[in-house]
Trainee: 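Quick one: the structure is below, questions incoming.
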Amino acid sequence: MAEYARQRQTSIIVAILACLWVAIAGGASETTNVIPLPVASEAREGSFVITPATQVIAEGDASPESARLVEALAPAMGFPLTRAHAAPQEESAIRLHLDPALKGRLGEEGYELDVTTASIEIRAAGTAGLFYGVQTLRQLLPPAIFSEEKVDGVAWAVPCVRITDYPRFGWRGLLIDPARHFIPVRDVERFIDVMALHKFNRLQIHFTDDQGWRIEIKKYPGLVEIGSKMDFTAIAQPAESRGTDGRSLGGFYTQEEIRHLVRYAADRYITIVPEIEMPAHTGAAIVSYPQIGLYPEKLGALAPGQRWTANERVLAPRPQTAAFMQDVLAEVIELFQSHYIHIGGDEANIDHWRQCPEMQTLMASLNLKNVEELHSWFIRQMDMFLTSRGRQLIGWDEILQGGLAEGAVVMSWRGVEGGITAARAGHDVVMAPTSHTYFDYYQGPPETEPKAIGGDVPLAKVYAYEPIPAALTAEQAKHVLGGQGQLWGEFISTAGHRQYMTYPRAAALAEVLWSRPQDRDYDRFLIRLREHVKRLDVLGVNYRSKDLGE
Ligand code: ACM
């Protein structure tokens, strides 16, 4: 018995060592500790060492990316690399080569990275590909490269490797929620920085909700003058949704700050998708402008501080309210480059409409049979408006009720059914189900975790997520643009807590959305993750470490 146990133990150890060897030194694609896992990589002998003599050479139209590369490496190395347009082959060089002809093979976002003892070359069809190649290069360097201060005594060695890489999905998103707890501009920037390292390319910002309106709209200044001040709205909140710190929860972004953030994100190949909620989650807007609510006279007679408890937090979908929200969207369109504009659409208590005589009359005049159709009518007003301005509406899956607007994209959050229905009807979808992508949910036993809204979304579950529902045909599956992780903010009031809820789960999601599904292996992911968190350590990211194991 004892001998058998010993043999078994030995063979387990051998198997583990073999796995480790494959993970670290061999394997079809797992030669490095890069997250998300590249499509293909082939290890070679030796390494390339970056020194002050190394030149960065932009070939094609690659200058902006070469400037960003120099900028990214300089703080930790303590010297900026010299940029040049050409260098003799024998010189130590990092070449960024832009060649549109590579698009057929690598797509818009793919890249090839070739590291030999003599040079590093990144090739791509588009600048996004060069940027992602640079993100991989940063991960191949020692973790100290992520330091904002000069690090002495480190050889900036990159192991020789040849990587070919491109993403599985075009929508690789995260959502943040400054409506519930305002997030300072600086914290949004830091969030974007870490997203970019994981090759995310969409940041949905939930700018408006019952608890606050966080985006300046010039035509309706009251939205932020009144609607961004949580001090009175919070009075009516259940104690736990005040946040964990009890601090003032007010704040908003000026249009200038928004423009800055849009640029900041775009420089990192991240598109900010603005979310302006309607027709529900609009308590802050209704407090500011009672005429868009169901009972304006009742609210108008109250001081703003008393209006929150007295409002139904759902818009009255009159034509004038639709015009009001279109005015808002008109300014939003001017501020954001995103083709997709998110109008929320979720969790509308349309019973309030059912009970309102004025809404009954409105439905009759619009020839609508029920309140579901009224919901759909209102969303269609936004859809037509956005389409007329060359943009596309995206909303939570409740926008399916009463009939989906012609141009709409569906974000499926209440499971995957909404996504399946929409894809079958020929609409594009983004998968964001609570079951796997709600990062405001618990990631471990609630008694050992900071207070969260509920749920159970541990790291392994995120990693196991498959964004293409099995029920879709291959043709329908093409409508799945990708997926997104949600950091709803009811219980998240600090950057550190947000980081704790985001990482490492977002690292797992990044791999789900970027890497080939057949390469996904949780145990190997954990091996790479243990190295990856050293980068997060240097970046000062407060990730949750409990799942890393040994
Ligand atoms: C949602 O979580 N209500 C979209």
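Whatever order the structure lists ligands and atoms in, that order sets their numbers, starting from 1. As the structure is a prediction and not an experimental result, all values here were calculated from the model. This chain uses plain numbering: 1 for the first residue, then up along the sequence.
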Trainee: Tell me, which protein residue and heavy-atom name are nearest atom 3 (N) of ligand 1, and how many Å apart are they?
Mentor: Asp346 OD2, 2.6 Å
Trainee: Strictly by modelled atom types, are His260 and Glu189 linked by a side-chain donor-acceptor pair under 3.5 Å?
Mentor: yes
Trainee: Does the N or O separation between Tyr438 and ligand 1 drop below 3.5 Å for any pair?
Mentor: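 Yes, Tyr438 has an N/O under 3.5 Å of an N/O on ligand 1.
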Trainee: With no hydrogens and no angle check, just 3.5 Å: does a side-chain donor-acceptor pair link Asp428 and Gln392?
Mentor: no
Trainee: For Phe336, what residues pass the ring pair (Phe, Tyr, Trp, His ring centres under 6.0 Å) criterion, not counting sequence neighbours?
Mentor: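 Here the qualifying residues are Phe207.
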Trainee: Nearest 0.5 angstrom please: Asp397 CG to Asp346 CG, how far?
Mentor: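 Here the rounded value is 8.5 Å.
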Trainee: For ligand 1, which atoms, with element, lie under 4.0 Å from some heavy atom of Trp396?
Mentor: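 Numbered from 1, ligand 1 contributes 4 (C).
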Trainee: Indicate yes or no: does an N/O atom of Glu347 lie under 3.5 Å from an N/O atom of ligand 1?
Mentor: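 Yes; at least one N/O pair falls below 3.5 Å.
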Trainee: Do we see a donor-acceptor contact under 3.5 Å between the side chains of Gln204 and Gln484?
Mentor: yes
Trainee: Suppose I only count heavy atoms of Trp488 and a 4.0 Å limit; which atoms of ligand 1 are within that range?
Mentor: 1 (C), 2 (O), 4 (C)
